[in-house]
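Working notes, structure below.
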Amino acid sequence: MSQPTTSNPTDFIRDIIDDDLRTGKHEGRVATRFPPEPNGYIHIGHAKSVCLNFGIAAQYKGTCNLRLDDTDPLGESMEYVESIIRDVRWLGFDWGDRLFYASDYFEKLYQFAVELIKKGNAYVCSLSADEVREQRGTFTEPGKESPYRNRSVEENLDLFSRMRKGEFADGAHTLRAKIDMASPNIVLRDPVLYRIKREPHYRTAEKWVIYPMYDFAHCLSDALEGITHSICTLEFENNRPLYDWIVERLIPTHRPQQIEFARLSLSYTILSKRRLIELVEKGLVQGWDDPRMPTVTGMRRRGYTPEAIRKFCAEIGVAKNDNLIDVSLLEHCVREDLNENAPRVMCVLRPLKVVIDNYPENKVEQIESANHPQNSDMGTRQVPFSRVIYIERDDFMENPPKKYHRLGPGREVRLRNAYVIKFENMVKDEKTGEAIELHCTYDPATRNGPPADGRKIQGVIHWVSAEHCIPAQVRLYDRLFSVQDPGREGDDFTKYLNPNSLETLTTCYAEQRLKDAAPGSHYQFERLGYFCVDTKDTVAGKPVFNRIVPLRDSWAKIAGDY
RNA sequence: UGGGGAAUCGUUCAAUGGUAGGACAACGGACUCUGACUCCGUUUAUUAAGGUUCGAAUCCUUAUUCCCCAGCCA
């Protein structure tokens with residue numbers, strides 16, 4: 001697995017690490033971790049965190065652990081763990097033998113809780129969830145102390161061990177940190193550390209009926225693993241004092257430093273796990289790997305490359321400002337990668353039949369065509385040419401506007417890599433008046449160069465030979481939502497779904513060579529965009545293509561003015 | 001409302017008391033057998049008001065706006 005090359009970016013987190021290294025903090029070590037909860041698939045926002053954490057580890061010759069933060073059995077599963085492992089690996093990162101699970105620490109965490117009780121820093125509270133909420137106070141009023149706050153250490157120990165044994169119903173008791181019910185920071189108002197939950201855990205099965213809360217498990221897991229810099233998102237800033245409070249009391253010899261950065265928001269999509277789950281469960285998309293999803297698995301299926309995603313994550317930078325990154329930056333990164341690496345081929349999406357009247361009936365020529373216009377190392381291929389071809393319906397207009405460089409009555413156009421052809425006449429559908437067949441003539445002298453008389457041919461269009469092409473299904477994907485920020489508070493985000501986010505074309509014709517194109521392989525369909533052979537629906541000899549991203553299209557802008 | 005954060009081109013990230021810069025986007029143009037790519041050029045920003053200083057995006061003061069926190073989720 002290739003570790004991506006980092007061009008040593010700089011940001012406020014790396015500044016902190018540089019300082020720590022200078023002052024000899026953490027004995028000069030750098031250890032990070034990527035800690036997802038396995039209750040969903042990871043998305044492009046997680047990719048930002050993955051690139052940050054693994055990128056920092058690589059840059060400072062440190063380590064980055066992959067840790068599954070599986071402290072709430074509800075909704076967690078091995079399927080998600082496997083998907084996360086697959087996705088992080090696919091993104092190009094390697095954690096060696098440092099794959100960890102918070103659930104592996106359950107026994108240790110339990111012992112830490114006992115220690116906290118013994119120190120008088122935690123107590124078993126027998127208030128109900130509702131009562132705890134009522135007594136927590138508000139932003140402006142302090143909370144009330146629990147009547148159980150001053151139970152003796154012995155009683156707390158006894159109760160806590162019986163909680164573990166399963167003697168109590170769910171919710172009957174909790175273990176709470178004894179901090180300060182009057183703290184202006186609500187996180188510090190005696191936060192719950194353990195809850196009783198009779199829910200089988202995907203890894204520990206029925207072994208436990210009490211589970212540690214994030215605030216208790218996360219910081220101690222970090223400390224146990226020797227993490228030096230615990231990088232998380234902004235919403236955990238309020239939790240940092242609690243993080244420090246716990247570690248200070250239980251593993252004072254090693255305190256990781258929590259640093260918060262702004263999570264990624266991307267325009268025209270949604271990056272909240274809860275909402276992504278909703279899309280999947282309501283069937284609004286075709287699954288986690290639907291190519292319209294911002295999940296890593298969806299993007300992979302769509303045809304995005306790990307290189308492009310890493311480039312994107314490097315481009316967006318790291319800061320503490322709330323942000324909404326324009327999806328065009330992501331598209332730019334994909335085009336940049338694919339422009340360099342995707343072989344060119346021709347495929348006609350909406351075919352229009354063209355007969356070249358002066359071309360011999362049974363003649364077939366093999367046209368040598370470059371697989372990449374700037375990189376001859378990518379070689380050439382033979383593309384058959386014959387009397388009947390298909391061109392793109394958009395490349396013919398009966399009454400074209402000014403600046404239209406393609407075919408029309410009285411016009412000439414270059415067939416990509418082949419001859420210049422000239423419009424002669426057309427056959428129209430009697431009912432609709434739409435052209436259904438064009439008749440053209442070709443100029444035999446133009447195969448390898450411009451017309452002899454020096455006339456300028458402006459337009460170049462793509463084509464396939466009718467006799468030699470293969471049928472293909474092509475899916476045109478567009479943004480999932482029709483508004484920039486569908487996730488904005490309050491609204492029902494599903495009403496902003498783009499009804500045209502998927503268009504399936506079933507009568508496309510592609511070059512022969514694509515017949516057995518490898519699933520997952522990338523191509524540029526010349527003049528159209530970048531496409532990827534779908535890994536799920538492609539069957540041998542019958543490729544299905546996903547459009548990754550269209551080519552930039554300056555004609556579309558001009559045409560839009562008419 | 002208490003607490004915690006953040007405010008710089010349209011969008012983002014930089015500039016760490018000394019020329020406000022990059023990327024994306026947009027808009028022109030050149031090139032072109034992909035209206036692609038590439039190249040060249042242009043437009044646009046320090047939230048506001050005071051203060052300190054030879055000099056302020058940066059330091060101070062006072063406002064303003066936005067985000068996060070009242071799960072036994074993470």
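Naming convention: chains lettered A, B, ... in sequence-line order (proteins, then strands); numbering from 1 in each chain. No hydrogens, no waters, no symmetry mates; every other heavy atom, side chains included, goes into these values.
The side chain to side chain donor-acceptor pair (under 3.5 Å) check on Asp190(A) picks up Tyr123(A), Arg149(A), with sequence neighbours excluded. The side chain to side chain donor-acceptor pair (under 3.5 Å) search around His372(A) returns Arg344(A), not counting sequence neighbours. In terms of the side-chain contact (heavy atoms from CB on, under 4.5 Å) criterion, residue partners of Asp69(A) (sequence neighbours excluded) are, by chain and number, Pro35(A), Thr71(A), Ala102(A), Tyr214(A), His218(A). Among residues two or more places apart in sequence or in another chain, the side-chain contact (heavy atoms from CB on, under 4.5 Å) test is passed with Ser369(A) by Ile367(A), Arg381(A), Val383(A), Asn417(A). Residues passing the side chain to side chain donor-acceptor pair (under 3.5 Å) test with Thr23(A), sequence neighbours excluded: none.
For rC73(B), one of the phosphate oxygens OP1 or OP2 lies less than 4.0 angstrom from a side-chain nitrogen or oxygen of Lys197(A). Between Asn321(A) and rA7(B) there is a side-chain polar atom (N or O) within less than 4.0 angstrom of OP1 or OP2. Arg136(A) has no side-chain polar atom (N or O) that falls below the 4.0 Å cut-off from OP1 or OP2 of rG2(B).
Applying the salt bridge (charged side-chain N to carboxylate O under 4.0 Å, His left out) test to residues at least two apart or on different chains, the pairs with a partner in residues 125-144 of chain A are Asp130(A)-Arg133(A). For residues 264-274 of chain A, the pairs satisfying side-chain hydrogen bond (donor to acceptor under 3.5 Å, both in side chains) are Asn39(A)-Lys273(A), with sequence neighbours left out. The salt bridge (charged side-chain N to carboxylate O under 4.0 Å, His left out) pairs that include a residue from residues 328-339 of chain A are Lys311(A)-Glu336(A), where partners are two or more places apart or lie in different chains. Residue pairs meeting the salt bridge (charged side-chain N to carboxylate O under 4.0 Å, His left out) criterion with at least one partner in residues 171-188 of chain A, sequence neighbours excluded, are absent.
As a whole-Å value, the separation of Arg189(A) CZ from rG2(B) P is 13 Å.
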Self-check item: Steps toward salt bridge (charged side-chain N to carboxylate O under 4.0 Å, His left out) verdict (Glu225(A), Arg33(A))
Solution: CA-CA 9 Å; Glu225(A) 291 176 19; Arg33(A) 99 271 92 115; over 6 Å; no

Please list, pair by pair, any protein nitrogen or oxygen found under 3.5 Å from a nitrogen or oxygen in nucleotides 22-29 of chain B.
residue : atom : partner   : partner atom : Å
rA23(B) : O2'  : Glu315(A) : OE1          : 2.9
rC24(B) : OP1  : His332(A) : NE2          : 3.4
rC24(B) : O2'  : Ser328(A) : OG           : 3.3
rA25(B) : OP1  : Arg552(A) : NH1          : 3.1

For nucleotides 16-21 of chain B, list the nitrogen or oxygen atoms of the protein found under 3.5 Å from its nitrogen or oxygen atoms, one pair per line.
residue : atom : partner  : partner atom : Å
rU16(B) : O4   : Asp15(A) : OD2          : 2.7

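Applying the 5.5 angstrom centroid cut-off and the 30 degree plane-angle cut-off, the aromatic ring of Phe139(A) is stacked upon the base of rC69(B).
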Quiz item: So what's the dot-bracket for RNA chain B: Watson-Crick or G-U pairs under 3.5 Å, [ ] if a pair crosses, | if it pairs off-strand?
Solution: .((((((..((((....[..)))).(((((.......)))))....(((((..]....))))))))))).....

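Counting only heavy atoms from C-beta on, Gln524(A) has its side chain closest to rU34(B) among rG71(B), rU34(B), rA74(B).
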